[in-house]
Visitor: 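After the C-alpha cells below, expect a handful of questions from me.
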2 protein chains.
Amino acid sequence: MVYNKYSHSEEDYLEAIYLIGLENEAVRVKDVAQAMGVTMPSVVAAIKSLSGKGLVEQEQYGSIELTNAGNKVAQDVYKRHQTLYDLFSEVLGLEPEVAERDACQVEHYLSPETGRRLSKMVEYIRSCPIGDKQAIFLERFRQYVKTGQKPEPCCGCPMNEAQEGL
Amino acid sequence: MVYNKYSHSEEDYLEAIYLIGLENEAVRVKDVAQAMGVTMPSVVAAIKSLSGKGLVEQEQYGSIELTNAGNKVAQDVYKRHQTLYDLFSEVLGLEPEVAERDACQVEHYLSPETGRRLSKMVEYIRSCPIGDKQAIFLERFRQYVKTGQKPEPCCGCPMNEAQEGL
DNA sequence: GAGCAAAGTTAGACGAGTCTAATTAGATGA
DNA sequence: TCATCTAATTAGACTCGTCTAACTTTGCTC
C-alpha cells in the first residue's frame, strides 16, 4: 500500500545532504540546518535516525556522508524533484518559485510508476519541436492557458498516417 | 510560503466527510473512520479540532456536518483530487488504483496556481481530438511510452498557420 | 598552550496525529 | 422499562519531528 520506505522528512534530509555534497567538500550539520530551515538539534536527531537505518554516516563532530543506500534514495528523490520542476515550470509555465516549492512538496508522494510516466511525458513534450519554434503541444497549450480558446482539431497533419503502422 | 491553510490530515477528513455526505443522509463517526482507515477516537479528535476552526459541526453523539467554510475546503481538495486522478489515469495511462492512491497523496501539496494549470492541461489534452480517434497528443504519447520511439516533428499541420494570429 | 567563538550535541518539552482500553449514551427488542 | 448491543467519547500513551536552553568539542588566534 505504501510505496515510500522513508518518510517525507527523511527524504528531505537525504536530498539536502546530497545537494550540499555536490557543491561542498564536506557536509556539515550547520549547512543542512540552513538548507532546510530547521535548527541544528533537529538535524542531529535526523542524522542519528538515518544513521541507524544505514543511510548516512557521521563520526562525532565530523562531517556527514551518504552511504550507497542513502545516495540511491537521495538521487531517486532528486530525480522526481527535477521531473516535477520541469513539468511545473516548462510545461505548465509556472513561476520558478512556485514550481520549486510544489516540486519540493510533491516529490515525496509520487509512486515510482507515476514518476516514470511523468518523466516520460515531459521528455515527450520536449521532443516534439517544430523548426525553431517551441513544441506544438507547448505552443498551443500556452495559447490555451492565455486565451482560454480551445485549439481546433489538429487534423490533416501528415505524420498521423505515417505513424499509423508503429 | 505555505499555501495550505489546513494540514494534510485536516483536508483528508474534510474530503471524506464531503464524499460520505454525497451518498448518505447523515455522516457518522463510524463511517468516517471506516473510509479513512483510522479508529473512531481519531475521528472524534479530528472533528473536535475541525469544529474549533469552524469547518464542521456536530452535536454530541450526533451526525457530522460541514459548515460552508468546510464545504468549500473539501470541494477544493476534491477538485484537485479529480484533476490529479484524470492526469494520472487518462493522460499518463496509469492503473486506476495507482492513479487514485497518488492523487490522494498529492492533492494536499499542490499550490492553487499549479492545480489550476494542471486542470487546464488535462482539459486541453482532452479537447484536442482527431475524428473518432483519441487526441493526437495522447495517441502519440501512449505510443512513445510503449515503444520509446520519439515522435517525428508534427510539421505541416495546417492548423499551425491558422492559429498564428490568435 | 590558553582563551574564545563557532559548531555540534544533549536534555527536555511540545504539538500533531495516531492508537488501545475503558466508559457513556442511544437505540432496540423482549 | 429494562437488558443489551452498537456507536461515540474520554483517558492516557506513543511516535515523529520539531523547538529552546544548556553543555561540550573543535579549531583558530594570540
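Keep in mind that this is a model prediction, so the values were computed, not measured. What you see below is based on every heavy atom in this structure, not just the backbone, and it leaves out hydrogens, waters and symmetry mates. Just so we're on the same page: letters track the sequence lines, and every chain starts at 1.
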Visitor: Think B/Ser7 has a side-chain N or O under 4.0 angstrom from the OP1 or OP2 of C/dG17?
Guide: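 True: B/Ser7 side-chain N/O within range (under 4.0 Å) of C/dG17 OP1/OP2.
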Visitor: For A/Ser49 and D/dG17, is the shortest distance between a side-chain N/O and OP1 or OP2 below 4.0 Å?
Guide: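 No, no such contact exists.
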Visitor: Among C/dG8, C/dC19, D/dT9, find the nucleotide with the atom closest to the side chain of A/Arg28.
Guide: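 So the nucleotide nearest the side chain must be C/dG8.
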Visitor: Take A/Thr39 and B/Glu59, find for each the nucleotide of DNA chain D with the closest heavy atom, and name the residue whose nucleotide sits nearer the 5' end.
Guide: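 Taking each residue's closest nucleotide, the earlier one in sequence belongs to B/Glu59.
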Visitor: Of the nucleotides C/dT18, D/dC19, C/dT9, which one has an atom closest to the side chain of A/Tyr61?
Guide: C/dT9
Visitor: Looking at C/dC19, I'd like to know if its phosphate oxygens (OP1 or OP2) sit under 4.0 Å from a side-chain N or O belonging to B/Ser42.
Guide: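 Answer is yes, contact under 4.0 Å.
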Visitor: Of the nucleotides C/dG17, D/dA7, C/dG8, which has the atom closest to the B/Ser9 side chain?
Guide: C/dG17
Visitor: Show the numbers, then the answer: is there a side chain to side chain donor-acceptor pair (under 3.5 Å) between A/His8 and A/Tyr109?
Guide: CA-CA 8 Å; A/His8 179 149; A/Tyr109 302 100; 2.7 Å; yes
Visitor: Identify the two heavy atoms, one from B/Gly93 and one from A/Arg117, that lie closest to each other, and give their separation to 0.1 Å.
Guide: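 Nearest pair, atom of B/Gly93 first, then A/Arg117: O-NH1, 3.2 Å.
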Visitor: Would you indicate which nucleotide in C/dT18, C/dG8, C/dT20 comes nearest to any side-chain atom of B/Val38?
Guide: C/dT18
Visitor: Hey, does the side chain of B/Gln60 come within less than 4.0 Å of D/dA8's phosphate (OP1/OP2), counting only N and O?
Guide: no
Visitor: State which of D/dT9, D/dT20, C/dG8 makes the closest approach to the side chain of A/Val29.
Guide: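 Of the candidates, C/dG8 comes closest.
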Visitor: Think A/Tyr13 has a side-chain N or O under 4.0 angstrom from the OP1 or OP2 of D/dC16?
Guide: no
Visitor: Is there a side-chain polar atom (N or O) of A/Gln58 under 4.0 Å from OP1 or OP2 of C/dT9?
Guide: yes
Visitor: OP1, OP2 of D/dT10 versus side-chain N and O of B/Lys48: anything below 4.0 Å?
Guide: yes
